[in-house]
Each structure stands twice: as structure tokens, then as C-alpha cells.
Protein chains: 4
Amino acid sequence: MEARRKISKRDSIIEAAIEVFSQKGYHNTRMEEIAIAAGAGKGTIYEYFSSKMELFHDILLTGWRKIEEDISVDEMASRPVAEQLLHMLSGHLRYFQQNRQLTRVTICEVKTIDQELVEWALQMKEEKEKQVCSMIAAGIERGELRPDLDIDIVSRMICSLIPYFASYVVMNDLDLDSYRLADQISAVILTGIKK
Amino acid sequence: MEARRKISKRDSIIEAAIEVFSQKGYHNTRMEEIAIAAGAGKGTIYEYFSSKMELFHDILLTGWRKIEEDISVDEMASRPVAEQLLHMLSGHLRYFQQNRQLTRVTICEVKTIDQELVEWALQMKEEKEKQVCSMIAAGIERGELRPDLDIDIVSRMICSLIPYFASYVVMNDLDLDSYRLADQISAVILTGIKK
Amino acid sequence: MEARRKISKRDSIIEAAIEVFSQKGYHNTRMEEIAIAAGAGKGTIYEYFSSKMELFHDILLTGWRKIEEDISVDEMASRPVAEQLLHMLSGHLRYFQQNRQLTRVTICEVKTIDQELVEWALQMKEEKEKQVCSMIAAGIERGELRPDLDIDIVSRMICSLIPYFASYVVMNDLDLDSYRLADQISAVILTGIKK
Amino acid sequence: MEARRKISKRDSIIEAAIEVFSQKGYHNTRMEEIAIAAGAGKGTIYEYFSSKMELFHDILLTGWRKIEEDISVDEMASRPVAEQLLHMLSGHLRYFQQNRQLTRVTICEVKTIDQELVEWALQMKEEKEKQVCSMIAAGIERGELRPDLDIDIVSRMICSLIPYFASYVVMNDLDLDSYRLADQISAVILTGIKK
DNA sequence: TATGAATGAGCATTCATTCAT
DNA sequence: GATGAATGAATGCTCATTCAT
């Protein structure tokens, strides 16, 4: 029971931190606010996280992992690009909708804070771009896509859609049909790149 | 000569502020750093700007205005979408390349700082989206584009490219051929949306 | 014990603040000095007082309340004016002697600081004048005092004695026999106003 | 003409300084405000006064000298105390009324500012007390006053009236008949001390 | 383990004073 | 002399972090 309580304490802190960070941003959030929102003491946060930065970093990591778990692209690698693209986009959009606050934090905040974090975020981005590159390259290989495409550029075009529509979804409280939206987006892109 | 010196002092502060803000971010920049970088005293900054926030806001506004001046979209309105799109994208990309630091500040920093500023940034974005919407709508009207397009979505797809490639251009110090890049991007989009 | 310590911390800050304010004046006192004198950190002061002004205001209020508690005039209202006057004056003088530093702050500092505070101080003064007015009026009523007296003027004359002798007592470190002093003062006034 | 202009510049600065100091107090007054009120440049003030403190000190000195010129007590020394007292009090009260702002500065501000100034103010006060002491002593000598009076105390009682009624006169914009007021005050005191 | 009182480094801002014109 | 742009020392206040309980 103690272990369970400890876990729930840690989780309530994370939950509260996501809430407050997403509303006020990293720099405008005070540790005390998080503590209050978590129903814990200020000191308790430091039992689980060594600093404000680490807490933030942890949230970012968790967020990213959850996305990647949610949208496992690899196992789709053999499917047609059309399907993969649709799967990826709709997966992301659905995730954004279901994790609005976490998304807001993950997308917007990283750049202002810490060199280490910026580089980490860049890595995440590049990883994503590489994933999409592979998808495109394979599509060309298989003859699905036009062979004259600049793979890097197309990959970045697709990746650009994700954070932009993320903030679109997050900022508006409207509940979108994420599948239909993804369908429309990928239709345009596909027509633009298919053979 | 007095007038000239005053202007150059103000300008040297702005220049220094862009430099430091773009490197360290708003919250990690101390006024003293800006002063030193500008070769001025701390107090001098306050002769021209009433607060750190106002200085930052001023830079953002200036940056935005310069972009809009640089890429006057309106006078192109009667041209084919293909041309307009290419003009807009290559214009932005060229601007980003020529104003790397200002771009970095303009694109990245806004969200963490101030509610008022966030709303202002949203307005700018929406304005841009509306511009592109008109472009698309007119293109459909003229029979250049597929009539079944969801104008809003396509507009957002195009707008998503701008900040993403902005940070791509800004983060890497490589000198890209912005016209070629824009050409490739718009080719894909165009194929995706043209009749 | 926790409660006790918290109280003593707050008190040690107040004590230190009275000490430093009384020696250097409000504007020449830095918060850090108070903190050092209190054996506390700068931040600790702000745990108990939201600003320098509030700390000062609090001290003033406390000082005033202590005086009024110390010299409860009301319960003497039925006694002869001679007795009341002597009681009031000797009470004040004794208080001033026993709370030299607080007196110095209370009497001298108010006017330079803050409009709100000035008005509060004026109210305190007017309250005091009214108290004495009642005393005089009742004395005339009872036939103790000359009926042709201008009550307002006499009241002000008596009130003028208090801050003046306060600073006299406070500035000199001599230990006066406050009762004898009060006796002499009130004797002169009484002879001047009695029937 | 230059000399005349220079004099008027200096005077306009003093005039403006009295105005602003009396309204905002020493610490809340900025040199720039004085400069603006004087219709001069900030730097110009330093042509005539080496520092803010010196400007303030100069005003105080001038104020005090004007009082003493206005109410020359010495030449009255041979007259009866009744007359002297009335002369002194009514003189002061008239002066206060005619120089409201200067009075406000002279009476209220001194204590918070500068050790040197505090001591100067104490000297002024003691000088005044000595003057009145002589007056009383002479009155006793001449058999006008009761011989058992404590000269110091009575002197302080009289001196206490001056700043108190000064602030009374200054704070209220009512135009008082200073002669009548002085008459009433001195009547009470005299009855209290005469043989 | 959990707490929150205590801390002090860090920073935006003010304003008396200087000095080139 | 007169000016006001430029300066930087000085200071109130914030908030992440610590540690005694």
C-alpha cells in the first residue's frame, strides 16, 4: 500500500505539472503551484524529481514515449504508403486530441529552456524525419511514389504538418474527427507525391 | 547628427536584443547582457523601451512587418496559384535565411511569455491562414484547383510549411537555394491540389 | 513548538525592522539590513509581509495600538480634568521612554512615504484631538474649566505637547521622571484653562 | 542681463523644488520633475546645486532664515512677555500661512534624510528653545511670571505649539485669522505661567 | 516518507549624476 | 551657461531549492 501510495503521489505530481505547465508555460510556473495542484508539499516534489527542469524533462520524455507507443509505425512498414501516412497522421491527431495539455507542453515549450533540452528535441524531430524518409524511400522503391521526389523535402513537408495541426487541435476545444482530417491531409499529399 | 546618433543607439539596442534573445531565449536573457552587447548602459535601454517585454514585443512587431513588406502577397492575387505559392514560399524562405536570428525569435519564443503576446501571435497566424484561404478559393474559382478541396485544411497545410522550414533554415547554418527549395515544396502541394 | 518558532521569527523581524527603521529612516533602510539584523534571510521577510511598505505599516499600527492600550483614556472620563490630563500626559511620556525606537518611527517617519499612510496618520491625529476635545468639553460642562475657552484650540495645544515631548524624550537618552514632567506640563496648562 | 537671467533661473529652480518637495516629499521627488517644473534641463540644476541634498538643504536654510527675518524676536526683548509671546506666535502663524509649501517642507521632511541634516535641524530647534528660555527667564526676572516655573519645560511647551499649528495651518487650506489664533493660544499659556 | 519554513542568488527597474555638445 | 542622452550603482522582490522535523 505504501508503494502504491508513493506511485500515486508521483503521478499526481506529474499530472499537476502537466496541467500547470500547459497553462502557464515553463517559466511562468512556480513549483509551489504544482505542489498545490498536486495536493502535496513543495518538498515532496523533490523526493521524486531533482529539479524543476528534470520534472519538465521527464514529462516531455513520457509524452514522446506515449506518442511512439500509441503510433507504432514500424510494424506498418510493409503496407502501402497511403495507408501508412493515413495511419500516422490520424494516430497523431487522435493522440493530440486525447492529450491536449501534454501536447501543448510537448510542442511549444522546449526551445526556450535549456540547451540540452533543445538538442534532445532536435533529435526527436530528426528521428521522426528519418522515419518518414524511410517510408518515402520504400514507397519509391516499391514504385508507389514518383522517383524524382526529393526525399528529405517531402519528409519535412509531412513532418511539418504534425506540430502545426497539433497546436490547431490543442488550441481549439472543438472535437474534430481526427480520422477524416488525416484523410483529407494525406489525400492532398499523396496525390502530390504518388506516381 | 544628434538625431542620427539617437536612432543608431536605439537600433544598436534592438540589434543586440535580437542577437541575445535569439541565442538565449526571452527568459534566459538578462537586460544587462543586451546592454553590454549593444555597447550601452543598462539604463539606456529604458530610455527607449519601457520594459523588457516592450522591447521584445517591439522586435516581434518589427520582424512581422518586415516579412509582410518583403513578401507582398496581395499584388500577386491575380496570378495563377502556382506562381503565387512559389512566390510566397520562396519569399519566406529567403527572408528566413537573411534574418536568421530575428526569425528564430519570431517563430519560437512567443508562446512562453505573456498571454497578450500569445493572442497577438494567434492573430498573426490566423491572418496568414486567411490570406492563403483566399488564394486557394480564388484558384478554385478560376478552375485552377480541384473544387472538392477543403479550403481550410489546405490552407493550414501550406501554412504549416512556413514555420517548420523556417526553423529548418534557421537551425542549420547551411546556405540553401531557397528558390529551389520553394519550387520543390510547391510542386508537391500543387500536384496535390490542382485540377 | 512550531507555532512558537514561527511567531518568534515574525517577531524578530518586526523587532529588527523597528530598530533599523528608527535608526536610518524608511527610505534609507534596505530590506537586507533588516534581514541581517533579524538573523533571517531576505526572503523570509516576504513570508510574513508582502512588501517593505506593509512591514512598515504593520509596525506603525502595532505601535499606535500599544499606545492606546497602554493609556486607556476612556475609563477615566468621569474623573476631574486635572487628573485625566495628568494621566494622559504621564502615560504617553512613560510609553515613549519605554519604547524609544518604536516611538521614533511612529512619530517621525509617516509623512514622507505614502499618501495612504499620510491620511491614516492624519486620522489618528484627529481621533486624538477629538478625544481631548471631549475631555475639555466635559470639563467645561462640569464647571471645572473656563467656559469661554475655544475647545478646538485648547485641544490642539494639548495634542501638540505629545509629539514634541515624544521626540524630546526619544532623542535624548536621559531617563526622565515622566510623572514629574507630566505634572509640570499639566500644571501650566491647567492653570491656563481652569475656572 | 545675463546675471539677471542666471538669478531667475536659480530662483525658478528653487521655487519649483519647493513646490515638488512639498507635494511629494524628498525621496519621492525626482530631479527630473524639478527640472520640468522649473522649465529647465536636468543638467542645469547641477549648475547651481551640487546635489539633490544640497538643493534641499539650501531650501531649508532659506526657509529658516526667512522665518527669523520675518519674526525678529530680539528687538522685542524688553517688552512684556505677553506681548512677546503674542508677537512670536502670530508671526509664525502668519508666516506659515503665507509660505505653505515651504513650511510643509521645513517642518516635515528633515528627519528621514541625512544625519548631518538631522543634527542641523536639532540645532535650529535648540536655538529656538533657548530664545524662548531667555524670554521666560527675563519674564520671571521682571516679576511678570511665576518664579517656580521650570523654564526648560515651559519653553518646550511653547515651542511645541509652533510645528503643530504649522502643520494644522498648512494641511488645511482654510484662511485663518492668525492673529486671533495666536491671541487665544498665548492667552491660555500666559494665564498658566503669569504671576 | 512528507512537509513547508527558511533561504539567498538572481534580476528588472529606477534615478541621481555626468559630460559632450 | 544650458541641455538631456547616457550611465550604472543601488535595491525591492521572486522563486527554486534545502533541510529540520
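On a predicted model such as this, the values are computed, not experimentally measured, just so you know. Computed over heavy atoms, backbone and side chain alike; hydrogens, waters and symmetry mates excluded. In what follows, every chain begins at residue 1, and chains take the letters A, B, ... in the order their sequences are listed.
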Shortest non-hydrogen contact between [X] and [Y], atoms and distance:
X	Y	result
S167(D)	K125(C)	OG-NZ, 3.7 Å
A17(D)	L55(D)	CB-CD2, 4.0 Å
K9(D)	A40(D)	CE-CB, 3.9 Å
I13(C)	I34(C)	O-CG2, 4.1 Å

Expressed as a whole number of angstroms, how long is the span from [X]:[atom1] to [N]:[atom2]?
X	N	atom1	atom2	result
K52(C)	dT14(E)	NZ	C1'	13 Å
E54(D)	dA16(E)	CD	P	15 Å
E32(B)	dA10(F)	CD	C1'	13 Å
I45(C)	dT11(F)	CD1	P	14 Å
R30(C)	dA9(F)	CZ	P	15 Å
H27(C)	dT14(E)	NE2	P	16 Å
M53(A)	dT17(F)	CE	C1'	15 Å
N28(A)	dC11(E)	CG	P	16 Å

Closest to the [X] side chain, choosing from [options]:
X	options	result
K9(B)	dA6(F), dA12(E), dT7(E)	dA6(F)
Y46(D)	dA6(E), dA16(E), dT3(F)	dA16(E)
S51(D)	dA6(E), dT17(E), dT13(E)	dT17(E)
K42(D)	dT7(E), dT13(E), dA6(F)	dA6(F)

Practice problem: Return the 5'-most residue of the pair M31(C), M31(A) with respect to DNA chain F, ranking by each residue's nearest nucleotide. | Solution: M31(C)

Exercise. May I have the step-by-step check of side-chain contact (heavy atoms from CB on, under 4.5 Å) for E69(D) and W64(D), ending in yes or no?
Key: CA-CA 9 Å; E69(D) 278 171 30; W64(D) 197 260; over 6 Å; no

Practice problem: Give one of base, sugar-phosphate or nothing for A40(A), where a contact means two heavy atoms less than 4.0 Å apart. | Solution: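 It contacts sugar-phosphate atoms only.
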
Exercise. Have a look at S50(D) and say if it touches a base, only the backbone sugar-phosphate, or nothing, with a 4.0 Å heavy-atom cut-off.
Key: nothing

Exercise. Answer yes or no: is there a donor N or O on one side and an acceptor on the other, between the side chain of E33(D) and the main chain of R30(D), under 3.5 Å?
Key: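 Checked: pair present.
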
Quiz item: Are any of Y48(C)'s side-chain N or O atoms less than 4.0 Å away from OP1 or OP2 of dA5(E)?
Solution: no

Self-check item: Secondary-structure string, 5' to 3', Watson-Crick or G-U under 3.5 Å, | for another-strand partners, for DNA chain F
Solution: .||||||||||||||||||||

Exercise. Specify the residue among T44(B) and E47(C) whose closest nucleotide of DNA chain E lies further upstream toward the 5′ end.
Key: E47(C)

Quiz item: Can E54(B) and S50(B) be counted as having a side-chain donor-acceptor contact under 3.5 angstrom?
Solution: yes

